[in-house]
2 protein chains.
Amino acid sequence: MSQTLDRGLQVLPLLAQGPTGLGEVAEHLGVHKSTALRLLRTLHEHGLVYRQSDQRYRLGARLFALAQEAMESLDVREIAHPHLVRLNEACGHTVHLAVHEEGEVLYIDKVDSRYPVRMYSRIGKPVALTVAAVAKVLLSDLPEAERRTLAEGLDYPLYTPRSTPHAAAFLKELAAVREQGWATDLGGHEESINCVAAPIRGADGRTVAAMSVSTPHVVVPRDELLALLPLVRRTADAISGEFSGRPPTKDTP
Amino acid sequence: MSQTLDRGLQVLPLLAQGPTGLGEVAEHLGVHKSTALRLLRTLHEHGLVYRQSDQRYRLGARLFALAQEAMESLDVREIAHPHLVRLNEACGHTVHLAVHEEGEVLYIDKVDSRYPVRMYSRIGKPVALTVAAVAKVLLSDLPEAERRTLAEGLDYPLYTPRSTPHAAAFLKELAAVREQGWATDLGGHEESINCVAAPIRGADGRTVAAMSVSTPHVVVPRDELLALLPLVRRTADAISGEFSGRPPTKDTP
DNA sequence: AATGAGCATTGCACATGATGCAACGTGGCA
DNA sequence: TGCCACGTTGCATCATGTGCAATGCTCATT
């Protein structure tokens with residue numbers, strides 16, 4: 001829609017891949033160097049782009065700050081966090097919180113069992129849609145039609161022999177998840193990792209987020225992880241309750 | 001320089017503060033609503049902005065992903081992290097890693113204290129320049145002239161009675177830090193928090209980052225924190241060594 | 001139900017501001 | 001020293017972004 005802004009924004013993913021010189025940027029955008037220069041300067045003024053000593057450009061500081069602030073303004077996250085910590089303390093395993101946004105599922109919080117929260121370790125990175133337990137929970141809440149369209153548009157990479165192989169299997173699984181109100185990933189993404197996930201729902205009953213507990217199966221066998229399910233679901237429900245308790249803007253009757 | 005891009009980018013910090021409607025955005029930019037709409041649409045196409053159900057706009061998923069990628073491309077951070085973790089395991093306190101970038105100092109990594117008392121800081125947030133130990137370390141490496149200019153352009157907020165009161169004191173302190181190769185913040189930012197920081201240097205001897213250990217003085221008295229100094233410096237030096245060992249692109253003779 | 005207020009959205013004519021060009025400056029390398 | 005590659009600047013052109021006014025939409029009020 002807006003050419004200048006569009007071009008300017010194209011620079012960001014380019015720089016994300018690594019430091020880039022003016023010439024490369026111009027070429028990538030298909031514009032004259034002087035144009036690229038002006039765009040980069042503007043990005044620079046906003047702190048989104050940083051010029052390192054060899055005159056090449058990198059993504060800049062403000063970007064981190066923005067992402068961080070945006071993160072903190074997510075209400076679910078704020079409400080959920082103490083619950084996640086408590087769950088982590090109770091069971092000792094890694095706990096994730098994820099949301100669905102425009103065809104992507106991404107982690108917005110994480111409490112790790114061994115190391116304290118590493119802000120950017122995985123948070124913000126899109127999740128493998130076809131196998132992750134949180135993705136199954138979130139996508140299973142979509143209306144039938146959307147689920148089908150989405151499932152058919154996806155790739156089904158075989159991370160492991162247990163990965164969901166094709167759209168039909170995925171849709172079947174989503175239906176089951178929708179029915180039972182929870183999901184698992186038993187070695188579908190990484191051979192040795194199992195997860196259980198449960199939905200967090202808003203006042204209107206729609207799923208607004210999903211949380212999961214992940215364990216390496218060498219430490220915790222599958223049935224032992226499944227024994228945690230009630231605890232996970234109880235935690236998710238507690239968050240749901242608190243979240244719908246004070247709806248941010250309006251009620252749904 | 002580039003008006004359209006400039007306006008578009010002004011939207012991001014605005015949305016970072018919380019969900020915002022079209023009208024507000026337009027007003028904030030001082031442009032017509034239709035203009036704001038086109039900007040938001042373009043931002044939306046790039047995934048930087050997300051439209052929530054109540055039609056207000058929030059920062060979007062791609063921003064997290066970008067920040068994530070940018071973060072990973074910071075070599076220092078990658079190299080330093082395991083050292084920070086090890087230091088945290090050794091002493092149990094909060095460890096920070098920070099860099100200097102265009103007049104700002106910001107945390108790029110953090111390993112939380114294992115004690116329940118945690119200090120409030122966040123990755124990506126600019127640091128209080130005049131008092132933080134990491135800021136002193138980083139700024140002390142600037143050339144004399146720049147240091148002076150910078151120091152005189154700063155505000156000197158009195159967070160506590162121990163905060164650096166004015167430019168003269170700050171410059172004096174920076175000189176001392178430069179000389180001794182480490183810095184402290186003894187209750188200058190928050191009354192009850194003390195820090196020690198040390199520089200991480202590149203192959204050419206210039207400071208590329210700074211790391212610090214922070215402790216609440218109720219848990220650790222000052223002299224006990226200072227006793228940690230050798231360990232902190234050793235860690236910083238280890239990181240420096242590893243960092244200069246394999247320079248990413250080219251050597252400096 | 002009906003009404004209206006508040007908001008987002010669309011099409012259009014105008015001129016502002018983004019663009020590419022060509023000339024200039026600069027630093028590194030042989 | 002001279003060359004080459006790259007970043008930088010000023011300027012004339014017109015593509016693009018802009019504000020306006022009119023339309024559509026959703027909700028709250030009567």
Side-chain angles (χ1 to χ4, degrees), chain A residues 1-12 14-15 17-46 48-60 102 143 202-204 206 247-253, chain B residues 1-12 14-15 17-60 102 143 203-204 206 247-253:
Chain A
M1 279 272 123
S2 171
Q3 194 185 62
T4 311
L5 180 54
D6 186 54
R7 286 175 171 167
L9 296 179
Q10 281 181 41
V11 172
L12 300 179
L14 177 64
L15 296 194
Q17 292 169 205
T20 314
L22 175 61
E24 289 175 82
V25 173
E27 191 187 7
H28 181 86
L29 297 181
V31 299
H32 197 258
K33 281 185 300 180
S34 59
T35 305
L37 182 67
R38 245 163 310 127
L39 295 175
L40 283 165
R41 277 225 253 265
T42 308
L43 288 165
H44 180 94
E45 277 172 21
H46 286 261
L48 294 178
V49 142
Y50 172 62
R51 189 147 202 204
Q52 46 186 34
S53 44
D54 61 352
Q55 296 205 116
R56 293 189 304 166
Y57 295 88
R58 269 207 310 95
L59 291 183
E102 320 221 353
D204 54 0
R206 293 218 48 188
T249 39
K250 58 185 173 180
D251 278 303
T252 324
Chain B
M1 279 271 122
S2 172
Q3 193 185 64
T4 312
L5 180 55
D6 186 55
R7 285 175 172 167
L9 296 180
Q10 282 182 40
V11 173
L12 300 180
L14 177 65
L15 295 196
Q17 292 168 204
T20 314
L22 175 62
E24 289 175 82
V25 173
E27 192 186 9
H28 181 86
L29 296 180
V31 299
H32 196 259
K33 280 185 300 179
S34 59
T35 304
L37 182 66
R38 244 163 311 127
L39 295 174
L40 283 165
R41 277 226 252 266
T42 309
L43 288 164
H44 180 92
E45 277 172 22
H46 285 260
L48 294 177
V49 142
Y50 172 63
R51 190 148 203 203
Q52 42 186 34
S53 45
D54 60 353
Q55 295 205 119
R56 293 189 306 165
Y57 294 89
R58 270 206 310 95
L59 292 183
E102 321 221 352
D204 54 359
R206 293 215 49 187
T249 39
K250 58 181 177 186
D251 279 301
T252 326

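Taking atom CG of residue B:L40 and atom C1' of nucleotide D:dG17, one finds them 15 Å apart after rounding to whole Å. At whole-Å resolution of the value, NZ in B:K33 and P in C:dG11 are 17 Å apart. At whole-Å resolution of the value, CD in B:Q55 and P in D:dG24 are 17 Å apart. Atom CD of A:Q3 and atom C1' of C:dG17 are 12 Å apart (whole Å). With rounding to whole Å, A:R56 atom CZ is found 18 Å from D:dA5 atom P. At whole-Å resolution of the value, CE in A:M1 and C1' in D:dG17 are 12 Å apart.
Contact of the B:L39 side chain with the B:T4 side chain is registered, since non-hydrogen atoms from C-beta on lie closer than 4.5 Å. Contact annotation: the side chain of A:R51 never approaches that of A:L40 to less than 4.5 Å [non-hydrogen atoms, C-beta and beyond]. Inter-residue side-chain proximity for B:D6 and B:Q10 is flagged as met; some heavy-atom pair is nearer than 4.5 Å. Proximity of B:L48 to B:L59: side-chain heavy atoms (C-beta onward) are nowhere separated by under 4.5 Å.
Rounded to the nearest 0.5 angstrom, B:T35 OG1 and B:R7 CZ are separated by 7.0 Å. We find the CG-CG distance between A:L43 and B:L5 to be 5.0 Å, quoted to the nearest 0.5 Å.
Closest of all the heavy-atom pairs between A:Y57 and A:V49 is CD2-CG1, 3.5 Å.
Legend: residues meeting side-chain hydrogen bond (donor to acceptor under 3.5 Å, both in side chains) with A:E45, ordered by chain and number and at least two apart, are absent.
Taking only side-chain nitrogens and oxygens, B:T4 comes nearer than 4.0 Å to OP1 or OP2 of C:dA18.
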Pairs: protein N or O with nucleotides 25-30 of chain C N or O, under 3.5 Å:
none

With 3.5 Å as the limit, what N/O pairs link the protein to nucleotides 9-12 of chain D?
unit_1 : atom_1 : unit_2 : atom_2 : d
D:dT9  : OP2    : A:R41  : NH2    : 2.7

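A donor-acceptor contact shorter than 3.5 Å links the side chain of A:T42 to the backbone of B:S2.
Proximity note for B:T35 (side chain, C-beta onward) versus C:dA18, D:dG19, C:dT9: the nearest is D:dG19.
Near DNA chain C, defined here as any heavy-atom distance below 4.0 Å, the residues from residues 22-31 of chain B are B:L22, B:G23, listed numerically.
If you find the closest nucleotide of DNA chain D to A:G21 and to B:L39, the one lying nearer the 5' end belongs to A:G21.
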Pairing string, 5' to 3', for DNA chain D - Watson-Crick or wobble contacts under 3.5 Å, brackets [ ] where pairs cross, | to another strand: ||||||||||||||||||||||||||||||

Compile the donor-acceptor pairs under 3.5 Å between side chains in residues 20-32 of chain B and protein atoms, sequence neighbours left out, one pair per line.
unit_1 : atom_1 : unit_2 : atom_2 : d
B:T20  : OG1    : B:G18  : O      : 2.8
B:E24  : OE2    : B:G21  : N      : 3.3
B:H32  : ND1    : B:S34  : N      : 3.3
B:H32  : ND1    : B:S34  : OG     : 3.0

